[in-house]
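Read the structure below first, then the notes.
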Protein chains: 4
Amino acid sequence: MAEPGGVAADQLRSFVERIERLEEEKKSIADDIKDVYGEAKGTGFDTKVLRQIIRMRKQDAAERQEQEALLDLYMHALGMAPPADE
Amino acid sequence: MAEPGGVAADQLRSFVERIERLEEEKKSIADDIKDVYGEAKGTGFDTKVLRQIIRMRKQDAAERQEQEALLDLYMHALGMAPPADE
Amino acid sequence: MAEPGGVAADQLRSFVERIERLEEEKKSIADDIKDVYGEAKGTGFDTKVLRQIIRMRKQDAAERQEQEALLDLYMHALGMAPPADE
Amino acid sequence: MAEPGGVAADQLRSFVERIERLEEEKKSIADDIKDVYGEAKGTGFDTKVLRQIIRMRKQDAAERQEQEALLDLYMHALGMAPPADE
DNA sequence: TCGCCTGATAGTTGCC
DNA sequence: GGCAACTATCAGGCGA
(Lines give C-alpha, C1' and ligand atoms only; values in the text may rest on other atoms or scores of the structure.)
Protein backbone atom coordinates (compact mmCIF):
# COMPACT_ATOMS: atom_id res chain seq x y z
CA MET A 1 0.00 0.00 0.00
CA ALA A 2 1.45 3.35 -1.01
CA GLU A 3 0.18 5.46 1.85
CA PRO A 4 -0.11 3.72 5.15
CA GLY A 5 -2.83 5.28 7.22
CA GLY A 6 -3.86 6.96 4.03
CA VAL A 7 -6.99 7.22 1.96
CA ALA A 8 -8.47 3.84 2.79
CA ALA A 9 -8.17 4.47 6.51
CA ASP A 10 -9.91 7.81 6.14
CA GLN A 11 -12.69 6.28 4.16
CA LEU A 12 -13.11 3.50 6.68
CA ARG A 13 -13.26 5.98 9.52
CA SER A 14 -15.84 7.97 7.63
CA PHE A 15 -18.05 4.95 7.03
CA VAL A 16 -17.78 3.90 10.65
CA GLU A 17 -18.75 7.36 11.83
CA ARG A 18 -21.72 7.62 9.50
CA ILE A 19 -23.01 4.24 10.58
CA GLU A 20 -22.55 4.97 14.24
CA ARG A 21 -24.29 8.31 13.87
CA LEU A 22 -27.26 6.68 12.17
CA GLU A 23 -27.45 3.94 14.75
CA GLU A 24 -27.58 6.55 17.46
CA GLU A 25 -30.50 8.22 15.73
CA LYS A 26 -32.22 4.90 15.37
CA LYS A 27 -31.78 4.17 19.02
CA SER A 28 -33.09 7.59 19.91
CA ILE A 29 -36.27 6.97 17.95
CA ALA A 30 -36.67 3.54 19.48
CA ASP A 31 -36.53 5.24 22.86
CA ASP A 32 -39.15 7.74 21.75
CA ILE A 33 -41.42 4.89 20.78
CA LYS A 34 -40.94 3.31 24.14
CA ASP A 35 -41.85 6.63 25.74
CA VAL A 36 -45.08 6.85 23.77
CA TYR A 37 -46.07 3.39 24.93
CA GLY A 38 -45.27 4.48 28.45
CA GLU A 39 -47.43 7.56 28.08
CA ALA A 40 -50.29 5.50 26.67
CA LYS A 41 -49.97 3.16 29.61
CA GLY A 42 -50.09 6.11 32.00
CA THR A 43 -53.31 7.21 30.32
CA GLY A 44 -54.85 3.86 31.04
CA PHE A 45 -54.32 1.97 27.81
CA ASP A 46 -53.19 -1.62 27.83
CA THR A 47 -49.76 -1.68 26.21
CA LYS A 48 -50.11 -5.23 25.04
CA VAL A 49 -53.34 -4.53 23.19
CA LEU A 50 -51.91 -1.35 21.74
CA ARG A 51 -48.92 -3.24 20.36
CA GLN A 52 -51.23 -5.78 18.83
CA ILE A 53 -53.19 -3.04 17.08
CA ILE A 54 -50.00 -1.60 15.64
CA ARG A 55 -48.98 -5.03 14.46
CA MET A 56 -52.35 -5.69 12.82
CA ARG A 57 -52.37 -2.37 11.03
CA LYS A 58 -48.88 -3.03 9.73
CA GLN A 59 -50.02 -6.38 8.42
CA ASP A 60 -53.07 -4.80 6.82
CA ALA A 61 -50.82 -2.31 5.11
CA ALA A 62 -48.65 -5.14 3.82
CA GLU A 63 -51.73 -6.88 2.44
CA ARG A 64 -52.86 -3.70 0.74
CA GLN A 65 -49.39 -3.44 -0.77
CA GLU A 66 -49.81 -6.89 -2.23
CA GLN A 67 -53.21 -5.96 -3.59
CA GLU A 68 -51.73 -2.95 -5.32
CA ALA A 69 -48.83 -4.96 -6.67
CA LEU A 70 -51.30 -7.45 -8.05
CA LEU A 71 -53.36 -4.66 -9.54
CA ASP A 72 -50.26 -3.22 -11.19
CA LEU A 73 -49.42 -6.61 -12.57
CA TYR A 74 -52.88 -7.04 -14.05
CA MET A 75 -52.93 -3.55 -15.51
CA HIS A 76 -49.52 -4.08 -16.97
CA ALA A 77 -50.61 -7.37 -18.47
CA LEU A 78 -53.57 -5.57 -20.02
CA GLY A 79 -51.38 -2.86 -21.46
CA MET A 80 -52.95 -0.20 -19.29
CA ALA A 81 -50.96 2.76 -18.03
CA PRO A 82 -50.16 2.70 -14.32
CA PRO A 83 -51.96 5.30 -12.18
CA ALA A 84 -50.22 8.66 -11.90
CA ASP A 85 -49.25 7.58 -8.39
CA GLU A 86 -49.68 10.43 -5.98
CA MET B 1 -68.70 5.50 29.17
CA ALA B 2 -70.46 8.80 28.59
CA GLU B 3 -69.37 9.39 25.02
CA PRO B 4 -69.11 6.36 22.81
CA GLY B 5 -66.38 6.81 20.25
CA GLY B 6 -65.41 9.79 22.33
CA VAL B 7 -62.28 10.95 24.07
CA ALA B 8 -60.69 7.55 24.55
CA ALA B 9 -60.98 6.74 20.85
CA ASP B 10 -59.35 10.04 19.96
CA GLN B 11 -56.52 9.42 22.36
CA LEU B 12 -56.04 5.92 21.05
CA ARG B 13 -55.94 7.16 17.48
CA SER B 14 -53.42 9.79 18.50
CA PHE B 15 -51.13 7.25 20.16
CA VAL B 16 -51.36 4.92 17.20
CA GLU B 17 -50.47 7.69 14.79
CA ARG B 18 -47.50 8.86 16.84
CA ILE B 19 -46.14 5.34 17.09
CA GLU B 20 -46.61 4.64 13.42
CA ARG B 21 -44.93 7.89 12.49
CA LEU B 22 -41.93 7.09 14.66
CA GLU B 23 -41.70 3.57 13.31
CA GLU B 24 -41.61 4.97 9.81
CA GLU B 25 -38.71 7.21 10.77
CA LYS B 26 -36.95 4.30 12.37
CA LYS B 27 -37.35 2.18 9.27
CA SER B 28 -36.09 5.04 7.14
CA ILE B 29 -32.92 5.27 9.19
CA ALA B 30 -32.44 1.51 9.08
CA ASP B 31 -32.59 1.79 5.31
CA ASP B 32 -30.02 4.58 5.38
CA ILE B 33 -27.69 2.36 7.37
CA LYS B 34 -28.11 -0.38 4.84
CA ASP B 35 -27.28 2.10 2.10
CA VAL B 36 -24.06 3.11 3.81
CA TYR B 37 -22.98 -0.51 4.04
CA GLY B 38 -23.80 -0.86 0.37
CA GLU B 39 -21.74 2.19 -0.45
CA ALA B 40 -18.81 0.92 1.59
CA LYS B 41 -19.04 -2.39 -0.21
CA GLY B 42 -19.02 -0.56 -3.53
CA THR B 43 -15.84 1.22 -2.44
CA GLY B 44 -14.17 -2.10 -1.86
CA PHE B 45 -14.64 -2.66 1.85
CA ASP B 46 -15.61 -6.04 3.17
CA THR B 47 -19.05 -5.61 4.73
CA LYS B 48 -18.51 -8.40 7.18
CA VAL B 49 -15.35 -6.86 8.55
CA LEU B 50 -17.01 -3.48 8.75
CA ARG B 51 -19.95 -4.88 10.68
CA GLN B 52 -17.60 -6.64 13.07
CA ILE B 53 -15.74 -3.40 13.71
CA ILE B 54 -18.98 -1.60 14.48
CA ARG B 55 -20.01 -4.39 16.78
CA MET B 56 -16.71 -4.38 18.64
CA ARG B 57 -16.73 -0.64 19.14
CA LYS B 58 -20.24 -0.89 20.54
CA GLN B 59 -19.12 -3.65 22.84
CA ASP B 60 -16.13 -1.66 24.02
CA ALA B 61 -18.46 1.15 24.99
CA ALA B 62 -20.73 -1.29 26.78
CA GLU B 63 -17.74 -2.78 28.56
CA ARG B 64 -16.70 0.60 29.85
CA GLN B 65 -20.25 1.23 31.03
CA GLU B 66 -20.26 -2.07 32.88
CA GLN B 67 -16.94 -1.31 34.54
CA GLU B 68 -18.34 1.90 35.89
CA ALA B 69 -21.54 0.23 36.96
CA LEU B 70 -19.58 -2.39 38.88
CA LEU B 71 -17.45 0.28 40.50
CA ASP B 72 -20.59 2.11 41.56
CA LEU B 73 -22.03 -1.08 42.97
CA TYR B 74 -18.90 -1.79 44.97
CA MET B 75 -18.72 1.73 46.30
CA HIS B 76 -22.34 1.59 47.24
CA ALA B 77 -21.86 -1.78 48.89
CA LEU B 78 -19.00 -0.30 50.90
CA GLY B 79 -21.07 2.70 51.92
CA MET B 80 -18.91 5.14 50.01
CA ALA B 81 -20.32 8.20 48.35
CA PRO B 82 -20.64 8.04 44.59
CA PRO B 83 -18.36 10.30 42.54
CA ALA B 84 -19.69 13.78 41.83
CA ASP B 85 -20.69 12.47 38.42
CA GLU B 86 -20.00 14.95 35.68
CA MET C 1 -51.47 -39.88 2.73
CA ALA C 2 -51.59 -43.64 2.88
CA GLU C 3 -51.89 -44.00 6.63
CA PRO C 4 -53.89 -41.37 8.41
CA GLY C 5 -52.56 -40.82 11.88
CA GLY C 6 -49.60 -42.84 10.72
CA VAL C 7 -45.90 -42.22 10.54
CA ALA C 8 -46.03 -38.44 10.48
CA ALA C 9 -48.08 -38.33 13.66
CA ASP C 10 -45.63 -40.66 15.38
CA GLN C 11 -42.71 -38.55 14.29
CA LEU C 12 -44.42 -35.42 15.45
CA ARG C 13 -45.18 -36.93 18.83
CA SER C 14 -41.57 -38.00 19.10
CA PHE C 15 -40.25 -34.52 18.35
CA VAL C 16 -42.66 -32.93 20.79
CA GLU C 17 -41.62 -35.31 23.53
CA ARG C 18 -37.92 -34.78 22.94
CA ILE C 19 -38.33 -31.02 23.02
CA GLU C 20 -40.47 -31.07 26.12
CA ARG C 21 -37.99 -33.32 27.87
CA LEU C 22 -35.12 -31.00 27.03
CA GLU C 23 -37.07 -27.94 28.10
CA GLU C 24 -37.73 -29.55 31.44
CA GLU C 25 -34.01 -30.11 31.90
CA LYS C 26 -33.32 -26.56 30.93
CA LYS C 27 -35.84 -25.24 33.39
CA SER C 28 -34.36 -27.44 36.08
CA ILE C 29 -30.93 -25.95 35.53
CA ALA C 30 -32.32 -22.44 35.48
CA ASP C 31 -33.82 -23.18 38.87
CA ASP C 32 -30.48 -24.46 40.10
CA ILE C 33 -28.87 -21.20 39.05
CA LYS C 34 -31.50 -19.26 40.89
CA ASP C 35 -30.79 -21.38 43.95
CA VAL C 36 -27.09 -20.61 43.81
CA TYR C 37 -27.81 -16.90 43.70
CA GLY C 38 -30.11 -17.39 46.67
CA GLU C 39 -27.40 -19.23 48.56
CA ALA C 40 -24.85 -16.53 47.77
CA LYS C 41 -27.29 -13.93 49.02
CA GLY C 42 -27.77 -15.91 52.21
CA THR C 43 -23.98 -15.91 52.69
CA GLY C 44 -23.98 -12.13 52.53
CA PHE C 45 -23.11 -11.44 48.92
CA ASP C 46 -24.91 -8.75 47.00
CA THR C 47 -26.78 -10.53 44.24
CA LYS C 48 -26.70 -7.54 41.99
CA VAL C 49 -22.94 -7.28 42.14
CA LEU C 50 -22.58 -11.01 41.62
CA ARG C 51 -24.78 -10.91 38.53
CA GLN C 52 -22.77 -8.02 37.16
CA ILE C 53 -19.53 -9.94 37.65
CA ILE C 54 -20.94 -12.94 35.81
CA ARG C 55 -22.12 -10.68 33.02
CA MET C 56 -18.75 -8.98 32.68
CA ARG C 57 -16.84 -12.22 32.60
CA LYS C 58 -19.14 -13.46 29.89
CA GLN C 59 -18.61 -10.26 27.98
CA ASP C 60 -14.84 -10.52 28.33
CA ALA C 61 -14.98 -13.98 26.80
CA ALA C 62 -17.16 -12.67 23.99
CA GLU C 63 -14.75 -9.80 23.45
CA ARG C 64 -11.86 -12.18 23.06
CA GLN C 65 -13.91 -14.21 20.62
CA GLU C 66 -14.65 -11.12 18.59
CA GLN C 67 -10.99 -10.12 18.51
CA GLU C 68 -10.09 -13.48 17.09
CA ALA C 69 -12.94 -13.37 14.62
CA LEU C 70 -11.79 -9.99 13.40
CA LEU C 71 -8.24 -11.21 13.06
CA ASP C 72 -9.47 -14.16 11.02
CA LEU C 73 -11.51 -11.85 8.84
CA TYR C 74 -8.54 -9.60 8.20
CA MET C 75 -6.26 -12.50 7.39
CA HIS C 76 -8.85 -13.94 5.10
CA ALA C 77 -9.37 -10.58 3.43
CA LEU C 78 -5.62 -10.36 2.91
CA GLY C 79 -5.46 -13.85 1.44
CA MET C 80 -3.36 -15.20 4.28
CA ALA C 81 -3.73 -18.74 5.50
CA PRO C 82 -5.56 -19.12 8.80
CA PRO C 83 -3.49 -20.28 11.78
CA ALA C 84 -3.22 -24.03 12.20
CA ASP C 85 -5.99 -23.68 14.75
CA GLU C 86 -5.31 -25.70 17.83
CA MET D 1 -11.37 -7.42 57.00
CA ALA D 2 -9.19 -9.92 58.82
CA GLU D 3 -7.96 -11.93 55.88
CA PRO D 4 -7.46 -10.08 52.65
CA GLY D 5 -8.04 -12.36 49.71
CA GLY D 6 -9.32 -14.78 52.27
CA VAL D 7 -12.52 -16.66 52.87
CA ALA D 8 -14.89 -14.21 51.19
CA ALA D 9 -12.84 -14.23 48.00
CA ASP D 10 -12.81 -18.00 47.95
CA GLN D 11 -16.53 -18.16 48.45
CA LEU D 12 -17.10 -15.62 45.72
CA ARG D 13 -14.93 -17.55 43.32
CA SER D 14 -16.80 -20.71 44.18
CA PHE D 15 -20.19 -19.12 43.52
CA VAL D 16 -18.99 -17.67 40.24
CA GLU D 17 -17.71 -21.03 39.11
CA ARG D 18 -20.86 -22.88 40.04
CA ILE D 19 -23.01 -20.37 38.21
CA GLU D 20 -20.83 -20.40 35.13
CA ARG D 21 -20.82 -24.17 35.05
CA LEU D 22 -24.60 -24.29 35.25
CA GLU D 23 -24.99 -21.65 32.57
CA GLU D 24 -22.80 -23.70 30.28
CA GLU D 25 -25.03 -26.71 30.82
CA LYS D 26 -28.08 -24.61 30.18
CA LYS D 27 -26.63 -23.32 26.95
CA SER D 28 -25.75 -26.82 25.90
CA ILE D 29 -29.34 -27.95 26.36
CA ALA D 30 -30.65 -24.91 24.53
CA ASP D 31 -28.42 -25.93 21.64
CA ASP D 32 -29.81 -29.45 21.79
CA ILE D 33 -33.33 -28.07 21.54
CA LYS D 34 -32.33 -26.04 18.53
CA ASP D 35 -30.93 -29.19 16.98
CA VAL D 36 -34.18 -31.06 17.48
CA TYR D 37 -36.11 -28.27 15.79
CA GLY D 38 -33.60 -28.42 12.96
CA GLU D 39 -34.06 -32.15 12.66
CA ALA D 40 -37.84 -31.78 12.64
CA LYS D 41 -37.50 -29.17 9.94
CA GLY D 42 -35.32 -31.50 7.91
CA THR D 43 -38.05 -34.13 8.20
CA GLY D 44 -40.51 -31.71 6.68
CA PHE D 45 -42.22 -30.23 9.73
CA ASP D 46 -42.96 -26.54 9.94
CA THR D 47 -40.90 -25.19 12.81
CA LYS D 48 -43.23 -22.32 13.51
CA VAL D 49 -46.23 -24.59 13.91
CA LEU D 50 -44.21 -26.99 16.01
CA ARG D 51 -43.22 -24.18 18.34
CA GLN D 52 -46.84 -23.17 18.65
CA ILE D 53 -47.82 -26.69 19.63
CA ILE D 54 -45.17 -26.77 22.32
CA ARG D 55 -46.40 -23.43 23.59
CA MET D 56 -50.02 -24.55 23.69
CA ARG D 57 -49.21 -27.76 25.51
CA LYS D 58 -47.21 -25.80 28.05
CA GLN D 59 -50.17 -23.53 28.60
CA ASP D 60 -52.52 -26.48 28.95
CA ALA D 61 -50.21 -27.92 31.55
CA ALA D 62 -50.23 -24.65 33.44
CA GLU D 63 -54.01 -24.62 33.42
CA ARG D 64 -54.13 -28.15 34.68
CA GLN D 65 -51.73 -27.11 37.44
CA GLU D 66 -54.11 -24.40 38.47
CA GLN D 67 -56.99 -26.82 38.49
CA GLU D 68 -55.06 -29.13 40.77
CA ALA D 69 -54.00 -26.31 43.02
CA LEU D 70 -57.61 -25.28 43.32
CA LEU D 71 -58.62 -28.84 44.03
CA ASP D 72 -55.99 -29.09 46.74
CA LEU D 73 -57.23 -25.87 48.23
CA TYR D 74 -60.79 -27.11 48.35
CA MET D 75 -59.83 -30.47 49.76
CA HIS D 76 -57.72 -28.80 52.38
CA ALA D 77 -60.57 -26.48 53.26
CA LEU D 78 -62.81 -29.50 53.66
CA GLY D 79 -60.29 -31.24 55.85
CA MET D 80 -59.74 -34.00 53.35
CA ALA D 81 -56.39 -35.71 52.99
CA PRO D 82 -54.41 -34.84 49.89
CA PRO D 83 -54.00 -37.59 47.29
CA ALA D 84 -51.00 -39.85 47.75
CA ASP D 85 -49.36 -37.86 44.97
CA GLU D 86 -47.38 -40.11 42.69
C1' DT E 1 -31.93 -17.19 -5.09
C1' DC E 2 -32.95 -20.02 -1.08
C1' DG E 3 -32.07 -21.68 3.36
C1' DC E 4 -29.53 -20.86 7.56
C1' DC E 5 -27.97 -18.32 11.17
C1' DT E 6 -26.97 -14.54 13.76
C1' DG E 7 -28.53 -10.19 15.69
C1' DA E 8 -32.57 -7.18 16.85
C1' DT E 9 -37.02 -6.82 19.15
C1' DA E 10 -41.06 -8.07 21.77
C1' DG E 11 -42.94 -10.55 25.69
C1' DT E 12 -42.57 -12.80 30.28
C1' DT E 13 -41.10 -13.47 34.72
C1' DG E 14 -38.91 -12.52 38.96
C1' DC E 15 -37.12 -9.01 42.10
C1' DC E 16 -37.40 -4.85 44.78
C1' DG F 1 -46.74 -2.46 41.27
C1' DG F 2 -42.90 -0.86 38.53
C1' DC F 3 -38.50 -2.13 36.71
C1' DA F 4 -34.92 -4.93 35.05
C1' DA F 5 -33.18 -9.43 33.55
C1' DC F 6 -34.05 -13.23 30.73
C1' DT F 7 -36.38 -15.84 27.13
C1' DA F 8 -38.49 -16.60 22.80
C1' DT F 9 -39.75 -14.96 18.36
C1' DC F 10 -38.79 -12.58 14.14
C1' DA F 11 -36.30 -10.42 10.32
C1' DG F 12 -32.33 -9.27 7.74
C1' DG F 13 -27.74 -10.60 6.01
C1' DC F 14 -24.61 -14.16 4.37
C1' DG F 15 -23.08 -18.20 2.03
C1' DA F 16 -24.00 -22.17 -0.92
Side-chain angles (χ1 to χ4, degrees), chain A residues 19 22-23 26-27 29-39 41-42 44 46-56 58-59 62, chain B residues 19 22-23 26-27 29-38 40-41 46-52 54-56 58-59 62 65-66 69 73 76, chain C residues 19 22-23 26-27 29-38 40-42 46-56 58-59 62 65-66 69 73 76-77, chain D residues 19 22-23 26-27 29-31 33-42 44-56 58-59 62:
Chain A
I19 291 167
L22 287 167
E23 293 207 331
K26 186 151 79 85
K27 172 138 195 5
I29 292 177
D31 289 345
D32 288 351
I33 292 173
K34 194 182 297 184
D35 287 350
V36 176
Y37 276 111
E39 193 183 331
K41 183 174 193 171
D46 181 332
T47 304
K48 195 171 172 180
V49 174
L50 186 50
R51 280 182 192 276
Q52 181 154 349
I53 289 172
I54 297 287
R55 212 181 311 133
M56 286 172 59
K58 201 182 293 180
Q59 199 170 323
Chain B
I19 290 167
L22 287 167
E23 293 206 331
K26 186 152 76 84
K27 172 134 197 8
I29 292 178
D31 289 344
D32 289 350
I33 291 173
K34 195 183 298 185
D35 288 349
V36 176
Y37 277 110
K41 186 174 193 170
D46 180 337
T47 305
K48 199 169 172 183
V49 173
L50 186 51
R51 282 183 191 276
Q52 177 98 5
I54 297 286
R55 208 180 314 135
M56 285 177 61
K58 201 183 294 180
Q59 204 176 56
Q65 291 261 72
E66 300 264 276
L73 282 176
H76 190 256
Chain C
I19 291 167
L22 287 167
E23 292 207 332
K26 186 152 77 85
K27 172 133 196 9
I29 292 178
D31 289 344
D32 288 350
I33 292 173
K34 195 181 298 183
D35 287 349
V36 176
Y37 277 111
K41 184 173 192 171
D46 182 336
T47 305
K48 199 170 172 182
V49 173
L50 185 50
R51 281 182 191 276
Q52 177 96 5
I53 289 171
I54 296 285
R55 208 181 313 134
M56 286 178 59
K58 201 183 293 179
Q59 204 176 55
Q65 291 261 72
E66 299 264 278
L73 284 175
H76 190 256
Chain D
I19 291 167
L22 287 167
E23 293 206 331
K26 186 149 77 85
K27 173 138 195 3
I29 291 178
D31 290 344
I33 292 173
K34 194 183 294 184
D35 288 348
V36 176
Y37 277 111
E39 192 183 334
K41 185 174 193 170
F45 287 102
D46 182 330
T47 305
K48 195 170 172 181
V49 174
L50 186 51
R51 283 181 191 277
Q52 181 154 349
I53 289 172
I54 297 287
R55 211 182 311 133
M56 286 171 57
K58 200 183 292 180
Q59 199 170 324

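Heavy-atom basis, side chains included; hydrogens, waters and symmetry copies ignored. Quantities reported herein were computed from a predicted structural model and do not represent experimental measurements. Letters A, B, ... mirror the listed sequences (proteins, then strands); counts begin at 1.
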Worksheet item: Which residues satisfy the side-chain hydrogen bond (donor to acceptor under 3.5 Å, both in side chains) test with A:Glu39, sequence neighbours excluded?
Response: B:Arg18
Practice prompt. Would you please name every residue forming a salt bridge (Lys or Arg N to Asp or Glu O under 4.0 Å) with B:Arg55, sequence neighbours left out?
Written response: C:Glu66
Worksheet item: Who passes side-chain contact (heavy atoms from CB on, under 4.5 Å) against A:Lys34, sequence neighbours left out?
Response: none
Worksheet item: Sequence neighbours excluded, which residues qualify as ring-ring contact (aromatic ring centres under 6.0 Å, His included) partners of A:Tyr37?
Response: none
Worksheet entry | With sequence neighbours excluded, residues passing salt bridge (Lys or Arg N to Asp or Glu O under 4.0 Å) with A:Lys58 | B:Glu23
Worksheet item: Got a sec, which residues hit side-chain hydrogen bond (donor to acceptor under 3.5 Å, both in side chains) with B:Asp31, two or more places apart in sequence or on another chain?
Response: B:Lys27
Response to the item:
Closest non-hydrogen contact found for C:Leu22 with D:Ile29 is O-CG2, 3.4 Å
Discussion item. Need two values: the first and the last nucleotide of DNA chain F, 5' to 3', having an atom under 4.0 Å from any heavy-atom of chain B.
Written reply: F:dG13 to F:dG15
Response to the item:
Heavy-atom contacts, protein to nucleotides 9-16 of chain E, under 4.0 Å, summarised as B (base), S (sugar-phosphate only) or - (none) per nt, yield S-SS-SSS
